[in-house]
Asks: 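One structure is given below, represented as structure tokens, and several questions about it will come after.
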Amino acid sequence: MDRSEFLAGKATPLMAAGALFFNEAGHVLLVEPTYKDYRDIPGGYVEQGESPLQTCVRELREELDIAPPIGRLLAMDWAPSDTEGDKILYLFDGGVLDQAALDRMIFKDGEIKAVAFHPVSEIAKLTIPRLARRIEQAVRARERDETVYLEHGAFPGADSIQ
């Protein structure tokens, strides 16, 4: 059986990875992309032969010109979209950043126009619903020292808007 026969009917999801960064007050860092009308987390799509953690590290260098140590996986979210098909999204713990770290960030690839910390309670007003749910669940997982599996940003079976 050749590869195309083997893959017929099987899921071939896109994968993406990002990091959640916090300040001393527990607020979450969001980026303001130049190509979206909502805030996002720093990160991006996994390239061929690259692990989600490697993607996270690469994207932080490309988008923000930083290379902090990346911690454990906080959340994995199966979040297909109508336009992109099946997607699996990985969210890692980026730890705590201070204002000096923000001041040193350089938006060298042109994808980001600003970054700022926001209280978790404000996230839903700044981004799309499923990303807000994913961030909120990842923050809780970090507080409980857990890793969570999500679907559309919520626990499987939970009533949620996709």
Asks: Would you say the side chain of His118 lies within less than 4.5 Å of the side chain of Ile123, judging by non-hydrogen atoms?
Replies: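 The answer is yes; the side chains approach within 4.5 Å.
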
Asks: So do the side chains of Ile70 and Phe21 get within less than 4.5 Å of each other, counting heavy atoms only?
Replies: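 In short, these two side chains touch, coming nearer than 4.5 Å.
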
Asks: For Arg3, does the CZ atom have more than 12 heavy-atom neighbours from other residues, nucleotides or ligands under 6.0 Å away?
Replies: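 No, because the 6.0 Å sphere around CZ of Arg3 holds 12 heavy atoms or fewer from other groups.
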
Asks: Take Leu20 and Asp93, measure what side-chain contact (heavy atoms from CB on, under 4.5 Å) needs, and give me the verdict at the end.
Replies: CA-CA 5 Å; Leu20 272 191; Asp93 188 349; 5.7 Å; no

Asks: Which pair of heavy atoms, one from Ala17 and one from Phe92, lies closest together, and at what distance?
Replies: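 Shortest heavy-atom separation between Ala17 and Phe92 comes out as CB-CE1, 4.1 Å.
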
Asks: Looking only at heavy atoms, what is the nearest atom pair of Tyr38 and Thr127, with distance?
Replies: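 Reported closest heavy-atom pair: CD1-OG1, 3.4 Å.
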
Asks: Flag the pair Val115 / Met105 as yes when at least one side-chain heavy-atom distance between them is below 4.5 Å, and no otherwise.
Replies: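 Counting from C-beta outward, Val115 and Met105 do come under 4.5 Å.
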
Asks: To the nearest 0.5 Å, how far apart are CD1 in Ile112 and CG in Asp65?
Replies: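 The CD1 atom of Ile112 sits 13.0 Å away from the CG atom of Asp65.
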
Asks: Where do Glu136 and Arg133 land on the salt bridge (charged side-chain N to carboxylate O under 4.0 Å, His left out) test, with the steps shown first?
Replies: CA-CA 5 Å; Glu136 291 163 0; Arg133 292 190 301 270; over 6 Å; no

Asks: How close do Cys56 and Ala19 get, heavy atom to heavy atom, and via which atoms?
Replies: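 Scanning both residues, the minimum pair turns out to be SG-CB, 3.7 Å.
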
Asks: Decide whether Ile135 and Phe117 are clustered together by the hydrophobic rule: side chain heavy atoms of Ile, Leu, Val, Met, Phe, Trp, Tyr closer than 4.5 Å, transitively.
Replies: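 No, because Ile135 and Phe117 fall into different hydrophobic clusters, even though each may have its own neighbours under 4.5 Å.
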
Asks: Below 4.5 Å, heavy atoms only, C-beta onward: do Leu131 and Ile128 meet side chain to side chain?
Replies: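 Yes; the side chains approach each other to less than 4.5 Å.
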
Asks: Should Arg72 and Leu74 count as side-chain neighbours, where that means a heavy-atom distance under 4.5 Å?
Replies: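 Yes, their side chains come closer than 4.5 Å.
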
Asks: Could you check whether atom CG of Asp2 has more than 12 heavy atoms from other residues, nucleotides or ligands sitting under 6.0 Å from it?
Replies: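 Result for CG/Asp2: enclosed.
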
Asks: Going from OG1 on Thr147 to CZ on Arg142, what distance comes out if it is rounded to the nearest 0.5 angstrom?
Replies: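 So the OG1 of Thr147 and the CZ of Arg142 are separated by 12.5 Å.
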
Asks: Could you pull out every donor-acceptor pair under 3.5 Å between side chains of residues 22-34 and any protein atom, sequence neighbours left out?
Replies:
| residue | atom | partner | partner atom | Å |
| --- | --- | --- | --- | --- |
| Asn23 | OD1 | Ala25 | N | 3.0 |
| Asn23 | OD1 | Gly26 | N | 3.1 |
| Asn23 | OD1 | His27 | N | 2.9 |
| Thr34 | OG1 | Gly110 | O | 3.0 |
| Thr34 | OG1 | Glu111 | O | 3.3 |

Asks: Are Ile66 and Leu53 in one and the same hydrophobic cluster, where Ile, Leu, Val, Met, Phe, Trp and Tyr link if side-chain heavy atoms are under 4.5 Å apart?
Replies: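 They do share one cluster, since a chain of ILVMFWY contacts under 4.5 Å joins Ile66 to Leu53.
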
Asks: Has the side chain of Arg134 got a donor or acceptor atom that lies under 3.5 Å from a matching backbone atom of His152?
Replies: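 Side chain of Arg134 to backbone of His152, a donor-acceptor pair under 3.5 Å: no, none is there.
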
Asks: Give a yes or no on whether a salt bridge exists between Arg140 and Glu143, defined as a side-chain N under 4.0 angstrom from a carboxylate O.
Replies: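 No, Arg140 and Glu143 are not salt-bridged.
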
Asks: Check whether Leu97 and Val57 end up in the same hydrophobic cluster, where Ile, Leu, Val, Met, Phe, Trp and Tyr are linked by side-chain heavy atoms less than 4.5 Å apart.
Replies: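 Same hydrophobic cluster.
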
Asks: Could you report the tightest heavy-atom contact between Ala124 and Ala132, atom names first, then the distance?
Replies: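 In terms of heavy atoms, the two residues are closest at CA-CB, 3.8 Å.
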
Asks: Which value, rounded to the nearest 0.5 Å, describes the distance between Leu64 atom CG and Ile106 atom CD1?
Replies: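 Interatomic distance, Leu64 CG to Ile106 CD1, rounded to 0.5 Å: 10.5 Å.
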
Asks: Taking Lys36 first and then Asp40, would you say they form a salt bridge - that is, a charged N and a carboxylate O separated by under 4.0 Å?
Replies: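 The answer is yes: the pair qualifies as a salt bridge.
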
Asks: What donor-acceptor contacts under 3.5 angstrom involve side-chain atoms of residues 41-50, with partners at least two apart or in another chain?
Replies:
| residue | atom | partner | partner atom | Å |
| --- | --- | --- | --- | --- |
| Tyr45 | OH | Glu84 | OE1 | 3.0 |
| Tyr45 | OH | Glu84 | OE2 | 2.6 |
| Tyr45 | OH | Lys87 | NZ | 3.3 |
| Glu50 | OE1 | Glu47 | N | 2.9 |
| Glu50 | OE1 | Thr55 | OG1 | 2.7 |
| Glu50 | OE1 | Arg58 | NE | 3.4 |
| Glu50 | OE1 | Arg58 | NH2 | 2.9 |
| Glu50 | OE2 | Arg58 | NE | 2.7 |

Asks: What distance separates Arg61 CZ from Asp109 CG, expressed to the nearest 0.5 Å?
Replies: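 With rounding to 0.5 Å, CZ (Arg61) is 12.5 Å from CG (Asp109).
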
Asks: Any side-chain heavy atom of Pro156 within less than 4.5 Å of one from Trp78?
Replies: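 SC-SC contact between Pro156 and Trp78 ruled out.
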
Asks: So does Phe6 have more than 12 non-hydrogen atoms from other groups sitting under 6.0 Å from CZ?
Replies: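 For Phe6, atom CZ is not crowded (no more than 12 foreign heavy atoms under 6.0 Å).
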
Asks: In Å, rounded to the nearest 0.5 Å, how long is the span from CD of Glu62 to CG of Leu60?
Replies: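 If I round to the nearest 0.5 Å, the distance is 9.5 Å.
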
Asks: Is any side-chain heavy atom of Tyr90 closer than 4.5 Å to one of Ile88?
Replies: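 When only atoms from C-beta onward are counted, Tyr90 and Ile88 do touch, with a gap below 4.5 Å.
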
Asks: To the nearest 0.5 Å, how far apart are CG in Leu89 and CG in Asp77?
Replies: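 Going from the CG atom of Leu89 to the CG atom of Asp77 covers 5.5 Å.
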
Asks: With a 4.5 Å limit on heavy-atom distance, are the side chains of Phe155 and Tyr149 in contact?
Replies: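 A side-chain contact under 4.5 Å is absent here.
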
